[in-house]
Amino acid sequence: MSQDCIFCRIVRGEIPCRKVYEDDEILAFHDIKPAAPVHFLIIPKVHVETLYDSDLKYQQVLGRMLGMAGQLAREQGLTDGFRTIINCGRVGRQEVYHLHMHVLGGPDPLRGGLISP
Ligand code: 5GP
Ligand code: ZN
């Protein structure tokens, strides 16, 4: 856990979020600035800054993030597929340095500026 990290603060309940799902290892919540009709983030509860900083130690939690994506997307009404994005570092235009996976979908999610939400 990082004291200042905004997503760690969301995990601790210090900052509110619109929760999609939570278990012991991961949390999913709606993005505050949605770039698609449905746009939520799936994060590990443990503070890992980026994919660069991840390794096989995080295999289980990363697998859980991927493994839950389809179910959560379906529950959010995404019946025709969705897009997942993990931005990494400066080149990946990552803004929040707590690893997270974007899940985007809804009508016409591929149009306009969604590659780097
Ligand atoms: P990145 O560019 O790092 O991949 O994306 C970070 C995402 O986190 C952005 O889409 C941004 O809108 C979202 N975000 C930043 N701060 C907050 C917050 O306090 N609450 C929520 N729900 N989303 C946030
Ligand atoms: Zn964090």
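Just so you know, ligand 1 is whichever comes first in the structure, and atom 1 is the first atom listed for that ligand.
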Q | Partner residues of Glu22 under the side chain to side chain contact (heavy atoms under 4.5 Å, CB included) criterion, sequence neighbours left out | A | Lys19, Leu27, Lys45
Q: Would you mind listing which atoms of ligand 1 come within a distance below 4.0 Å of any non-hydrogen atom of Phe7?
A: 8 (O)
Q) Does any N/O atom on Ile32 come nearer than 3.5 Å to any N/O atom on ligand 1? A) yes
Q.
Can you confirm, on distance only, whether ligand 1 has an N/O atom lying under 3.5 Å from any N/O atom belonging to Val96?
A. yes
Q) When you check the gap from the basic side-chain N to the acidic O, do Asp23 and Arg64 get nearer than 4.0 Å? A) yes
Q: Under 4.0 Å from a heavy atom of Phe29: give me the atoms of ligand 1 that qualify, with their elements.
A: 21 (C), 22 (N)
Q.
Below 4.0 Å from ligand 1: does a non-hydrogen atom of Ile85 turn up there or not?
A. no
Q.
Distance under 4.0 Å to a non-hydrogen atom of Arg93: what atoms of ligand 1 satisfy this?
A. 2 (O)
Q: Ignoring hydrogens and angles, state whether a donor on the side chain of His39 or His30 is under 3.5 Å from an acceptor on the partner side chain.
A: no
Q: Out of His30, Met101, His100, Glu95, indicate the one that has the non-hydrogen atom closest to atom 4 (O) of ligand 1.
A: His100
**Q.** Residue selection (non-hydrogen contact nearest atom 12 (O) of ligand 1) among Ile6, Asp31, Leu99
**A.** Asp31
Q: Determine, using heavy atoms of Ile10 and all atoms of ligand 1, whether some pair is separated by less than 4.0 Å.
A: yes
(Q) So if I count the atoms of ligand 1 from 1 in the order they appear, which ones are less than 4.0 Å from some heavy atom of Gln94? (A) 3 (O)
Q) Ignoring hydrogens and geometry, is there a side-chain-to-backbone donor-acceptor pair from His98 to Thr50 under 3.5 Å? A) no
Q | Cys88 side, atom SG; Glu49 side, atom CD - distance, nearest 0.5 Å | A | 10.5 Å
Q: Check whether any heavy atom of His102 sits under 4.0 Å from an atom of ligand 1.
A: yes
Q. With atoms numbered from 1 as shown, which atoms in ligand 1 lie under 4.0 angstrom from a non-hydrogen atom of Leu41?
A. 8 (O)
Q. For His39, is at least one N or O under 3.5 Å away from an N or O on ligand 1?
A. no
Q. Going from CZ on Phe82 to CG on Leu72, what distance comes out if it is rounded to the nearest 0.5 angstrom?
A. 9.0 Å
